[in-house]
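Whatever order the structure lists ligands and atoms in, that order sets their numbers, starting from 1.
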Amino acid sequence: MVAEIIYGKDLANGLRSDMKEEVYDLRQSGIVPKLTVVLIGEDPASKSYVKGKQKAADYVGVDSDLIELPSETTEKALLELIEKLNQDDTVNGILVQLPLPKHIDEQKIIEAITPSKDVDGFHPISVGRMLTGKETFLPCTPLGIITMLKSKNISLEGKHAVVIGRSNLVGKPVGQLLLNENATVTYCHSRTKNMDELVKIADILIVAVGKESFIHGDQIKKGAVVIDVGVNRNEHGKLVGDVDFESAKNKASYITPVPGGVGPMTITMLMHNTIQSAKLADARR
Ligand code: NAP
């Protein structure tokens, strides 16, 4: 069996082109979606992610503002900035690029963003709404993964989904979204004792660990759907995921590549959330 590759990049391009038309129409009716990104410090990976987000915003026609601040920025100054952005009616989405410098309490910052502009979907109110199956901004990477699965009509109901990784950003919410789609979900993490047994019986395997070649084809069930969230640099400086793609693709029914899989979908979902936020803000006026 050779897996069908789910090219997130192609799906993302299609979605972005639909969004571009939608934003054009919104602008005609006076609705101008705007995303403000706050970047603290000089981390090259964060800079590159922010650049990708701005490029996507430019393409779809979402106004984007980048506020770059030095790494010495105090927590108080950042909280004041967020409050200003919360009050600014022209801003629909506020994104503070993570990780933040050690002296700033990340959770405090996440909780300072008003839920109506929480396009990352990290605020406890957004998370709680997701947990109870209510409409809310869903976190971008998990939403991108569900969108990819749905694009291939992969049925989730009653399937055994195994999620490796339990971060608040990826693992936990993607498991929750799969549960909301009626999958049976198992989480694995660094303390899991029988991970191999669980991986072997996964119909859907989500790998969000951050370790190159963490999963090999011989570990997975024949016909499994494999979603590789990991982003790692290998010894040659090449971008690779957490799954050994070559061995896994001969065993899986569907698989996502790295690069060109989950990554582009994440940014696209950020645009989706920002556009939704602009529409909701307009409806509240
Ligand atoms: P993270 O916060 O470091 O979480 C990693 C998770 O992996 C933790 O839950 C950890 O378990 C688990 N883990 C580590 N070693 C393990 C082991 N030996 N066995 C089982 N589980 C293990 O990372 P993250 O933010 O979730 O990101 C995961 C990966 O996805 C990274 O490579 C990141 O760059 C990538 N990512 C990609 C996108 C995208 O858009 N493509 C977006 C976000 C993240 P414990 O909780 O027990 O420590």
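- Here the NZ-CG distance, from K108 to L78, works out to 11.0 Å after rounding to the nearest 0.5 Å.
- Listed by chain and number, the residues in a side chain to side chain donor-acceptor pair (under 3.5 Å) with E111 are Q107 (sequence neighbours excluded).
- Annotation for I164 and V209: closest pair CG2-CG2, 3.5 Å, computed over non-hydrogen atoms.
- For S247, the side chain to side chain donor-acceptor pair (under 3.5 Å) partners are D244, not counting sequence neighbours.
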Give a table of atom pairs where an N or O of ligand 1 lies under 3.5 Å from a protein N or O.
{"residue": "ligand 1", "atom": "9 (O)", "partner": "R166", "partner atom": "N", "Å": "2.8"}
{"residue": "ligand 1", "atom": "11 (O)", "partner": "S190", "partner atom": "N", "Å": "3.3"}
{"residue": "ligand 1", "atom": "15 (N)", "partner": "K211", "partner atom": "NZ", "Å": "3.0"}
{"residue": "ligand 1", "atom": "21 (N)", "partner": "S190", "partner atom": "N", "Å": "3.4"}
{"residue": "ligand 1", "atom": "26 (O)", "partner": "S167", "partner atom": "OG", "Å": "2.5"}
{"residue": "ligand 1", "atom": "30 (O)", "partner": "V229", "partner atom": "O", "Å": "3.4"}
{"residue": "ligand 1", "atom": "32 (O)", "partner": "V231", "partner atom": "N", "Å": "3.0"}
{"residue": "ligand 1", "atom": "32 (O)", "partner": "V231", "partner atom": "O", "Å": "3.4"}
{"residue": "ligand 1", "atom": "40 (O)", "partner": "T266", "partner atom": "OG1", "Å": "2.7"}
{"residue": "ligand 1", "atom": "46 (O)", "partner": "R166", "partner atom": "NE", "Å": "2.8"}
{"residue": "ligand 1", "atom": "47 (O)", "partner": "R166", "partner atom": "NE", "Å": "3.3"}
{"residue": "ligand 1", "atom": "47 (O)", "partner": "R166", "partner atom": "NH2", "Å": "2.8"}
{"residue": "ligand 1", "atom": "47 (O)", "partner": "S190", "partner atom": "N", "Å": "3.1"}
{"residue": "ligand 1", "atom": "47 (O)", "partner": "S190", "partner atom": "OG", "Å": "2.5"}

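- Under the 4.5 Å side-chain heavy-atom criterion for ILVMFWY residues, no single connected hydrophobic cluster contains both I146 and F137.
- The side chain to side chain contact (heavy atoms under 4.5 Å, CB included) test applied to S253 returns M1, V225, not counting sequence neighbours.
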